[in-house]
Amino acid sequence: MSPPISALSCDSVHVRYGGIEVLHGVGLALAYGTFSALVGPNGAGKTTLLDWCAGAGIESSGSSGSLLIEGRQASTWPVARRALAGLRYVPFERNVFPSLTVLDNLRATQAAGVAPADPLERTLHRFPELTRLLDRPAGVLSGGERQLLAVACALQGPGRILLLDEPTHALAPAAAARVIEALAEAAREGGRAVLVAEPSTSREALRAHADFIWPLDRGLRLAAQGG
Ligand SMILES: Nc1ncnc2c1ncn2[C@@H]1O[C@H](COP(=O)(O)OP(=O)(O)OP(=O)(O)O)[C@@H](O)[C@H]1O
């Protein structure tokens, strides 16, 4: 019997910035229905790896590696094709439309004609902080409010493979726990493949909910833990 096809896997990923290699042949694999964490200290290369998987502008910087999305070689695909294949990337910055209101950001992430994966009422129940902000331009939100909105948009949207760079940054412990629980639920109950990059496993909710931890340090990945 052949092994199950990963939602997303990458292998032998090398990335260089201006001749300096910062990822030295790393890889990971994500399965639908699982919640994973890419964990490493500042400068380990977490953002670089997520950017590379999402095709976010570093393809031409001297990088190489294999990327499979549902078993199809996707490393040469442009961002839009990766998105059509179900990949949704929530970068650390510039993760909302600043000139649109919070409500319009939430609407904009839904696919036309497709019921949202997470209806608006559920999103607002999950993140009640957003309710009083619905008419406000996203560009004036605080860092934590913006993170909540970015996560809510990803949960509402149609993406089945979610990559999120430090989604709990700037959040108080209780809100961070709700974000992690919501993402873990999207994986377990929604059948999505979810990967968050975080600097450590100090958040209790992350330790409690992560099916797999992928440690990354100085561009080198150690063996995955969990499963
Ligand atoms: N555009 C760039 N040009 C040159 N070097 C870069 C660039 N972006 C990142 N780097 C370097 O690549 C290495 C990995 O950075 P990266 O941002 O991927 O790490 P990280 O694990 O996400 O760190 P953090 O937790 O601090 O966000 C760092 O040494 C960083 O200085």
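Nothing fancy with the numbering, it's 1 onward along the sequence. Just follow the structure's listing: the first ligand is 1, and inside any ligand the first atom is 1.
Looking only at heavy atoms of the protein, atom 9 (C) of ligand 1 is closest to Tyr17 CE1, 3.3 Å. At the top of the distance list for atom 17 (O) of ligand 1, counting protein heavy atoms only, stands Thr47 CB, 3.7 Å. Given atom 19 (O) of ligand 1, the protein heavy atom at minimum distance is Gly45 N, 3.1 Å. Given atom 16 (P) of ligand 1, the protein heavy atom at minimum distance is Thr48 OG1, 3.6 Å. Regarding atom 27 (O) of ligand 1, its nearest protein heavy-atom neighbour is Glu166 OE2, 3.8 Å. Closest to atom 25 (O) of ligand 1 among all protein heavy atoms lies Lys46 NZ, 2.8 Å. The single protein non-hydrogen atom nearest to atom 26 (O) of ligand 1 is Asn42 ND2, 3.0 Å, given as residue, atom name and distance. Atom 12 (O) of ligand 1 has Val22 CG1, 3.3 Å as its closest protein atom, hydrogens excluded (heavy atom only).
Between atom CG of residue Leu8 and atom CG of residue Leu68 there is a gap of 8.0 Å, rounded to the nearest 0.5 Å. Atom CZ of residue Arg146 and atom CG of residue Leu171 lie 10.5 Å apart, to the nearest 0.5 angstrom. Put simply, OG1 on Thr76 and CD on Gln73 are 7.0 Å apart, with the number rounded to the nearest 0.5 Å. The distance from atom CD of Gln156 to atom OG1 of Thr123, rounded to the nearest 0.5 Å, is 3.5 Å.
At least one heavy atom of Gly43 sits less than 4.0 Å from an atom of ligand 1. In this structure, Pro41 is part of the shell of residues with a heavy atom less than 4.0 angstrom from ligand 1.
Short contacts between ligand 1 and Ala44, defined as distances under 4.0 Å to a heavy atom of the residue, involve ligand atoms 19 (O), 20 (P), 21 (O).
For atom 31 (O) of ligand 1, the protein comes within 4.0 Å by no heavy atom at all. Distance screen at 4.0 Å: atom 14 (C) of ligand 1 has a protein heavy-atom neighbour inside the cut-off.
Considering backbone and side-chain atoms together, Gly40 places no N or O closer than 3.5 Å to any N or O of ligand 1.
For the side chain to side chain contact (heavy atoms under 4.5 Å, CB included) with Leu28, the qualifying choice from Asp11, Val13, Leu216, Leu195 is Leu195, the only one to do so.
A side-chain N or O of Asp165 and one of Thr47 form a donor-acceptor pair less than 3.5 Å apart. Between the side chains of Ser63 and Arg16, no donor N or O sits under 3.5 Å from an acceptor N or O.
With a 6.0 Å cutoff to the six-membered ring centre and a 45° limit on the axis angle, Arg178 does not count as a cation-pi contact of Phe127.
Using a 4.0 Å cut-off between a side-chain N of Lys or Arg and a carboxylate O of Asp or Glu, Arg122 and Glu185 qualify as a salt bridge.
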